[in-house]
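Below you'll find the structure, written out as structure tokens, and then a few comments.
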Amino acid sequence: MPPTDAGAATGQGPATAPHRRPTEAGAEGEDTLELRLPDDFVARFRAANRTGTPATADLLDSVGDWGPTPTPAGVFQLVPVRLERDLPLISRWMNDPAVAEFWQLSGPRGVTEAHLLAQLGGDGRSFPCLGLLEGTPMSYWEIYRADLDPLARYYPARPHDTGIHLLVGGVADRGRGLGSTLLRAVADLVLDRRRTCARVLAEPDLRNAPSLAAFLSAGFRFAAEVDLPGKRAALMIRDRILRDLL
């Protein structure tokens, strides 16, 4: 959600640590961010959620419909997570020690299931996806509204700021620059499909040097160090106005 591919130094961690859902933050008290959407608006997202996929993605301009995009590594596509189909694979990735160090979702399958359900049954501000390269699932992504996330409490947020988390699943896909390639491709997708979004953000753990290198190679700039609940992070930003320069 890698360093020169997120985590090459440890085999491969996710590009960023998972963001906290508002309910998770509230359980711990002080990191609660009151960004409440109207109840009738939230209800529309939950009403149709009987299939294990988000009911709609209006807050993120229909991520599931963004379609394939060419990259130097092959054709890449974000596909919405379906719990019954994808949970075993994602849970296996989360139990890779190099991944678990930063995502902290190792353990029984139910740990990953709860993390996914918080998004699939949520209000649409975060959208979990599998990343398919040439048709093969090889990464896990979270596309989220950074301006509506608890993260917005820790930096000067702007309307429609969009955040990304990345986990490259297979060991063979790590440490060879693929993370940078996909980060650039997905950031471009966000900017192309979300015309109201001027910036794509990420907040990798400062300890994950390969991840920081991956974001820099993908056209992100280092904006600041931020103390988030559970980690000290680097705020990485890819600006629309600079996308052709970096």
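For the single chain, residues carry numbers from 1 onward in sequence order.
The distance from atom OG1 of Thr69 to atom CZ of Arg184, rounded to the nearest 0.5 Å, is 12.5 Å. Atom CG of Leu116 sits about 11.5 Å away from atom CZ of Arg109, to the nearest 0.5 Å. In this structure, the separation between CG on Asp86 and OG1 on Thr112 is 12.0 Å, given to the nearest 0.5 Å. With rounding to the nearest 0.5 angstrom, the CD1 atom of Ile237 is 4.5 Å from the CZ atom of Arg221. Atom CG of Asp173 is separated from atom CG of Leu133 by 7.0 Å, given to the nearest 0.5 angstrom.
At least one donor-acceptor pair under 3.5 Å links the side chain of Ser217 to the backbone N or O of Ala213. In this structure, the side chain of Asp239 does not engage the main chain of Leu242 through any donor-acceptor pair within 3.5 Å. Side chain of Arg153 to main chain of Asp149: no donor-acceptor pair is present (N/O by atom type, distance under 3.5 Å, no hydrogens or angles). Remark: side-chain polar atoms of Lys231 are paired, donor with acceptor, to backbone N or O of Glu203 under 3.5 angstrom. With hydrogens and angles disregarded, a donor-acceptor distance shorter than 3.5 Å links the side chain of Thr71 to the backbone of Gly74. In this structure, the side chain of Ser180 engages the main chain of Ala214 through a donor-acceptor pair within 3.5 Å. Using modelled atom types, no side-chain atom of Asn208 and backbone atom of Pro204 make a donor-acceptor pair closer than 3.5 Å. Distance alone, capped at 3.5 Å, is enough to place a donor-acceptor pair between the Asn95 side chain and the Ser91 backbone.
In this structure, the salt bridge (Lys or Arg N to Asp or Glu O under 4.0 Å) partners of Asp227, at least two apart in sequence or on a different chain, are Arg232.
Aromatic pair Phe127/Trp66: ring centres not closer than 6.0 Å.
Taken together through direct or relayed side-chain contacts under 4.5 Å among Ile, Leu, Val, Met, Phe, Trp and Tyr, Leu216 and Leu246 form parts of separate hydrophobic clusters. No single ILVMFWY cluster, assembled from side-chain heavy atoms under 4.5 Å apart, contains both Val75 and Leu132.
In this model, a donor atom of one side chain and an acceptor atom of the other lie less than 3.5 Å apart for Trp141 and Ser139. No donor-acceptor contact under 3.5 angstrom links the side chains of Glu142 and Ser126, judged on distance only.
Using a 4.0 Å cut-off between charged side-chain N and carboxylate O, Arg199 and Asp161 make a salt bridge.
When every heavy atom of Leu206 is checked against every heavy atom of Ala233, the shortest pair comes out as CG-C, 3.8 Å.
Among pairs with a residue in residues 186-195, those fulfilling side-chain hydrogen bond (donor to acceptor under 3.5 Å, both in side chains) read Asp61-Arg194, His160-Arg194, Thr162-Arg194, Asp188-Arg238, Asp188-Arg243, Asp192-Arg243, at least two apart in sequence or across chains.
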